[in-house]
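See below for the structure under consideration.
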Amino acid sequence: MADPKGFLTTGREVAKTRPVAERVKDWNEVHVPGSLLPIISKQAGRCMDCGIPFCHNGCPLGNLIPEWNDYAYREDWQAASERLHATNNFPEFTGRLCPAPCESACVLGINQPPVTIKNVEVSIIDKAWDSGDVTPQPPERLSGKTVAVIGSGPAGLAAAQQLTRAGHTVAVFERADRIGGLLRYGIPEFKMEKSHINRRIEQMRAEGTKFRTEIEIGRDIDAAKLRQRYDAVVVAAGATVSRDLPVPGRELKGVHFAMEYLPLANKVREGDLTVSPITAEGKHVVVIGGGDTGADCVGTAHRQGALSVTQLEIMPRPGEDRNPATQPWPTFPMLYKVTSAHEEGGERVYSVSTTHFEGDEDGNVQFLHLVEVEFKDGKLEQRPGTERKIPAQLVTLAMGFTGTDRSNGLVEQFGLALDERGNIARDENYATNVDGVFVAGDAGRGQSLIVWAIAEGRSAARGVDRYLTGTSELPAPIRPTDRALAV
């Protein structure tokens with residue numbers, strides 16, 4: 001145990017953020033650079049080294065949290081990095097983007113603020129990069145087997161790195177012009193600067209992984225022909241079909257999916273565009289959807305100079321504290337969350353539903369009409385007399401995703417079976433109904449968290465390795481049927 005009295009003598013302290021007036025003028029990460037390192041050792045010392053560390057249960061990767069907390073407390077950063085990488089290929093991603101279900105399961109969190117596990121994690125990996133402790137790990141020998149990975153999000157990258165290190169020759173196919181999937185074009189720069197992706201990709205290249213961009217399997221290469229060229233295929237194409245809002249006025253100009261809006265802002269940051277074709281500058285912006293993607297739209301609109309930003313959510317506002325009866329420890333509670341984007345301004349409106357959009361004579365959206373809703377007998381019903389309209393010159397739909405893109409022909413060309421939820425079906429080894437074709441991440445699980453995607457990529461890699469060689473020493477932290485702990 002790092003500090004036997006740490007949880008009693010040290011209060012929870014999190015990363016400091018830059019002043020709002022400063023950070024909305026740029027796209028750099030919102031946290032004060034270097035602010036964590038002076039405090040993180042004491043924060044790691046709050047870990048109680050529990051006999052049964054429930055943080056392991058909260059994290060699908062099975063991160064060795066008490067172990068690297070102990071090393072961080074002792075400032076043995078190299079050992080901490082080794083234990084961190086033992087279960088997680090990309091802790092710089094999860095340390096910035098994961099909502100930290102491990103902290104919700106922290107035993108200290110039963111009656112105190114939990115350990116800042118996420119901050120400790122990102123401190124360890126950032127220190128490791130700065131110290132040169134993150135180096136390529138090429139295989140000692142090659143197996144002679146080839147693997148194609150479709151998709152370069154966290155699941156695809158994790159599977160590719162694991163299989164490359166196992167000695168297989170791996171090529172990652174990405175339909176966008178850069179590697180990273182939603183990490184690259186779905187996550188705004190202020191949440192994670194893309195330099196973190198770039199240096200991890202360079203590590204993977206040095207290990208032997210090949211990357212093929214601007215190639216969409218199903219359109220540019222027939223999926224069946226790809227299967228003939230490779231000994232195995234991993235489908236990690238994500239669940240990229242956005243949930244739509246079929247109400248009158250949906251066709252008006254200015255109503256866009258979040259994943260039409262956010263990637264363009266990132267392409268401006270990459271230098272591909274001078275100005276985004278879809279911008280919030282000088283407009284009243286409405287974001288429909290109260291989740292993380294909606295918050296990303298809010299923060300992006302602030303930085304583009306929106307006149308106002310309103311975020312709508314159909315569900316009631318969550319509570320600020322865990323309800324022991326309905327959301328007991330160690331489950332991941334649905335709580336009212338104030339992200340960095342919400343700190344920057346805007347209005348959040350709960351228990352409302354959009355009825356229709358209103359446009360001008362040129363077909364541009366001008367107003368959004370909404371009505372208050374409530375649950376009655378388990379059904380969502382409108383409250384009469386609560387109809388109103390709000391100005392809306394840019395509307396982003398951030399209501400989640402419904403499944404894998406089937407318009408490109410990938411599913412049909414492979415002949416992949418789907419489950420009852422429309423995801424690609426797989427067995428306990430992540431294998432599909434097609435011999436040699438495996439699936440990992442949101443394509444098989446449905447929309448989920450980055451930490452689950454990495455865990456699936458690692459687990460699917462074991463299934464592929466066993467298929468190619470008859471055995472495998474690669475870890476498989478989760479089964480395809482595993483789900484987050486819930487009531």
Please test I217 against N408 for side chain to side chain contact (heavy atoms under 4.5 Å, CB included), starting from the C-alpha separation and ending with a verdict.
CA-CA 8 Å; I217 306 304; N408 56 17; over 6 Å; no

Identify the two heavy atoms, one from I117 and one from C102, that lie closest to each other, and give their separation to 0.1 Å.
CG2-SG, 3.6 Å

Do the side chain of T331 and the main chain of P333 share a donor and acceptor less than 3.5 angstrom apart?
no

Presence of salt bridge, R212 and D220, under 4.0 angstrom:
no

SB check E270 R178 (cutoff 4.0 Å):
yes

Charged N-O contact under 4.0 Å between R18 and E29
no

Would you check if the distance from the ring center of F438 to the ring center of Y467 is below 6.0 Å?
yes

D362 atom CG, over 12 foreign heavy atoms within 6.0 Å
yes

Kindly give the heavy-atom pair with the smallest separation between I478 and A455, and that separation in Å.
CD1-CB, 3.7 Å

For residues T94 and N88, is any side-chain donor paired with an opposing acceptor at under 3.5 Å?
yes

Mind telling me whether F190 and W27 have parallel, tilted or perpendicular rings, with 30° and 60° as the class edges?
tilted

Are K337 and D292 close enough for a salt bridge, meaning some N to O gap below 4.0 Å?
yes

Criterion side-chain contact (heavy atoms from CB on, under 4.5 Å) against S459, the qualifying member of P475, P60, P477:
P477

Q382 and E374: side chain donor to acceptor below 3.5 Å
no

T17 versus H31, side-chain donor and acceptor atoms under 3.5 Å:
no

Give a yes-or-no answer on whether the side chains of E358 and H369 include a donor-acceptor pair shorter than 3.5 Å.
yes

Please report the closest heavy-atom contact between I187 and K191, naming both atoms and the distance.
CG2-CB, 3.9 Å

Donor-acceptor check, side chain of K194 to backbone of R269, threshold 3.5 angstrom: yes or no?
no

In a check of side-chain contact (heavy atoms from CB on, under 4.5 Å) between L397 and each of R250, E260, H256, which one passes?
R250

Taking G238's backbone N and O only, do any of them form a donor-acceptor pair with T404's side chain (distance below 3.5 Å, no angle check)?
yes

Minimum heavy-atom separation for Y230 to V147, with atom names?
CD2-C, 3.6 Å

Using a strict threshold of under 4.0 Å (side-chain N to carboxylate O), is an ion pair present between R175 and D405?
yes

Nearest non-hydrogen partners of A461 and L163, listed with the distance
O-CD2, 3.4 Å

To the nearest 0.5 Å, atom OG of S351 lies from atom CG of L312 at 11.5 Å

Whether R205 and E202 form a salt bridge (side-chain N of Lys/Arg under 4.0 Å from carboxylate O of Asp/Glu) is what I want to check.
yes

Does any N or O in the side chain of E189 come within less than 3.5 Å of the main-chain N or O of N266, such that one atom is a donor and the other an acceptor?
no

Is it true that E343 and R23 make a salt bridge, defined as a side-chain N closer than 4.0 Å to a carboxylate O?
yes

For D465 and Q162, does a side-chain donor sit closer than 3.5 Å to a side-chain acceptor?
no

Does a side-chain N-to-carboxylate-O contact under 4.0 Å join R479 and E428?
no

Looking only at heavy atoms, what is the nearest atom pair of L262 and P188, with distance?
CD2-CG, 4.4 Å

Residues E372, R388: salt bridge by 4.0 Å N-O rule:
no

Short question: side chain of K283, backbone of T279 - any donor-acceptor pair under 3.5 Å?
yes

Hey, is D177 close enough to R184 for a salt bridge, meaning N to O under 4.0 Å?
no

Look only at the side chain of T146 and the backbone of D231, and say whether a donor-acceptor pair between them is shorter than 3.5 Å.
yes

Pair E456 + R445, salt bridge at N-O below 4.0 Å:
yes

Measure the CH2-SG distance between W329 and C106 for me, rounded to the nearest 0.5 Å.
8.5 Å

Look only at the side chain of Q366 and the backbone of D360, and say whether a donor-acceptor pair between them is shorter than 3.5 Å.
no

Is there a side chain to side chain contact (heavy atoms under 4.5 Å, CB included) between F93 and R200 once you walk through the steps?
CA-CA 10 Å; F93 302 164; R200 189 60 81 169; 4.3 Å; yes

Would you please say whether a donor-acceptor pair under 3.5 Å links the side chains of Q311 and H342?
yes

